[in-house]
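Heads up, the thing below is written out as structure tokens.
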Amino acid sequence: MHIDIFCLFPEMLDSPLEQSIIKRAREKGLVEITAHNIRDYTHDKHHTVDDYSYGGGPGMVLKPEPIFEAVDTIKQRIPAVEVPIVLLTPAGRLFNQRIALEMASSSHLMLICGHYEGIDERVREHLATDEISLGDYILSGGETAAIVLIDAVVRLIPGVLGSEMSLNTDSHTNNLLEYPQYTRPPVYRDWEVPPILFSGNHREIDEWRRRKAILRTCERRPDLLERANLSPEEKQWIFESLSSPK
Ligand SMILES: C[S@@+](CC[C@H](N)C(=O)[O-])C[C@H]1O[C@@H](n2cnc3c(N)ncnc32)[C@H](O)[C@@H]1O
């Protein structure tokens, strides 16, 4: 996969995209990530990337020309495939694991990061093919949003994670939050690891984990359960657990 990021502060991306899993994925050649500075696509003496908002109001708005020129220049180098051009914006559709999975199947992604007050609307209307929000809060720039999106997408590319198994148990993969995890020591400050985990009975351990995952999702994110693939027995079990007095 190739990922091109168009932003004003490419240095912000350096360290996060050069560590851990993303670093290894890049070294293995599973993903190639290039950050382009939008400022390099300006033609005036001051390399102007922003201007005042027409109609007045606070803050500066990113001009359309350098962004269109940057994206068009890189697109020309790519074979004629449809490349998703994702605008990072708090007004986009809310990012989640399903969207990350969708994106992980693309051979190429382009991410446009805004800064300051925002981006000229024509970028959204005539250049972006998708708009993604990382959540209902405001970041100072799209660079941090791009880091989060890339991290979530890259770990889903086949071959990136050591054990593909962990993908299947991660929270949100099956619309269930992950079950509780423990490691050594078996007792820490009088807090014991649940004995079932030492039983060696993998069927019972899987069942215990599944129930814990369902229960945790039920308590913390009941909205997810509707999309989780629960058996009629599991639905009945939830009903009984919720209706029985504690
Ligand atoms: C300070 S914000 C601008 C917010 C804009 N005034 C608004 O209310 O939508 C600057 C840039 O950060 C990025 N950004 C901020 N919050 C974001 C979020 N929740 N998701 C994705 N990108 C975000 C966008 O690229 C945005 O153009």
Side-chain angles (χ1 to χ4, degrees), residues 1-17 19 22 31 33-42 46-75 83-106 108-157 170-172 221 223-224:
M1 171 186 266
H2 294 257
I3 303 177
D4 287 294
I5 309 154
F6 300 90
C7 61
L8 276 188
F9 298 97
E11 301 79 17
M12 283 179 73
L13 304 162
D14 288 346
S15 176
L17 300 183
Q19 315 287 334
I22 300 181
V31 64
I33 305 174
T34 316
H36 307 274
N37 193 334
I38 294 166
R39 208 174 284 282
D40 293 341
Y41 295 85
T42 53
H46 301 290
H47 301 289
T48 312
V49 289
D50 56 350
D51 212 329
Y52 295 102
S53 179
Y54 275 132
M60 301 298 276
V61 176
L62 291 189
K63 290 162 67 58
E65 310 96 303
I67 300 177
F68 272 86
E69 193 174 320
V71 172
D72 287 346
T73 305
I74 303 306
K75 256 172 81 179
V83 178
I85 303 175
V86 180
L87 176 64
L88 291 155
T89 162
R93 57 189 181 124
L94 215 51
F95 191 60
N96 59 25
Q97 191 70 4
R98 185 183 49 75
I99 297 176
L101 208 53
E102 247 170 63
M103 290 183 173
S105 65
S106 290
H108 209 126
L109 272 185
M110 291 188 170
L111 307 178
I112 302 176
C113 306
H115 225 96
Y116 310 130
E117 190 51 33
I119 302 190
D120 187 285
E121 183 70 4
R122 287 162 287 192
V123 172
R124 188 187 73 72
E125 281 180 342
H126 305 293
L127 186 62
T129 61
D130 198 357
E131 294 172 63
I132 292 291
S133 165
L134 263 288
D136 295 340
Y137 44 80
I138 301 296
L139 300 164
S140 305
E143 289 84 353
T144 37
I147 293 165
V148 174
L149 184 148
I150 291 169
D151 188 343
V153 170
V154 167
R155 67 200 306 285
L156 296 176
I157 299 172
D170 274 347
S171 294
H172 297 296
R221 291 293 305 277
D223 55 303
L224 293 176

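Read the numbers this way: they start at 1 and go in the same order the structure lists the ligands and their atoms.
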Polar pairs, ligand 1 vs protein, N/O only, below 3.5 Å.
{"residue": "ligand 1", "atom": "6 (N)", "partner": "E117", "partner atom": "O", "Å": "2.7"}
{"residue": "ligand 1", "atom": "6 (N)", "partner": "E117", "partner atom": "OE2", "Å": "3.2"}
{"residue": "ligand 1", "atom": "12 (O)", "partner": "G142", "partner atom": "N", "Å": "3.3"}
{"residue": "ligand 1", "atom": "16 (N)", "partner": "L139", "partner atom": "N", "Å": "3.0"}
{"residue": "ligand 1", "atom": "19 (N)", "partner": "G135", "partner atom": "O", "Å": "3.0"}
{"residue": "ligand 1", "atom": "19 (N)", "partner": "Y137", "partner atom": "O", "Å": "2.9"}
{"residue": "ligand 1", "atom": "20 (N)", "partner": "L134", "partner atom": "N", "Å": "2.9"}
{"residue": "ligand 1", "atom": "22 (N)", "partner": "T89", "partner atom": "N", "Å": "3.4"}
{"residue": "ligand 1", "atom": "25 (O)", "partner": "L88", "partner atom": "O", "Å": "2.6"}
{"residue": "ligand 1", "atom": "25 (O)", "partner": "G114", "partner atom": "N", "Å": "2.8"}

- Trace of the salt bridge (charged side-chain N to carboxylate O under 4.0 Å, His left out) decision for D4 with K75: CA-CA 10 Å; D4 287 294; K75 256 172 81 179; over 6 Å; no
- Task: Decide yes or no on salt bridge (charged side-chain N to carboxylate O under 4.0 Å, His left out) for R93 and E102, but give the supporting numbers first.
- Result: CA-CA 14 Å; R93 57 189 181 124; E102 247 170 63; 3.4 Å; yes
- Item | Ion pair check, R124 and E131, cut-off under 4.0 Å |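 Looking at R124 and E131, the cut-off is met.
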- Message: Could you work out, with salt bridge (Lys or Arg N to Asp or Glu O under 4.0 Å) as the rule, every residue matching D50, not counting sequence neighbours?
- Response: none
- Query: What class does the angle between the rings of F6 and H36 fall in, given that below 30° is parallel, 30 to 60° is tilted and above 60° is perpendicular?
  - Reply: parallel
- So, N96 and H172: side-chain donor and acceptor under 3.5 Å apart, yes or no? no
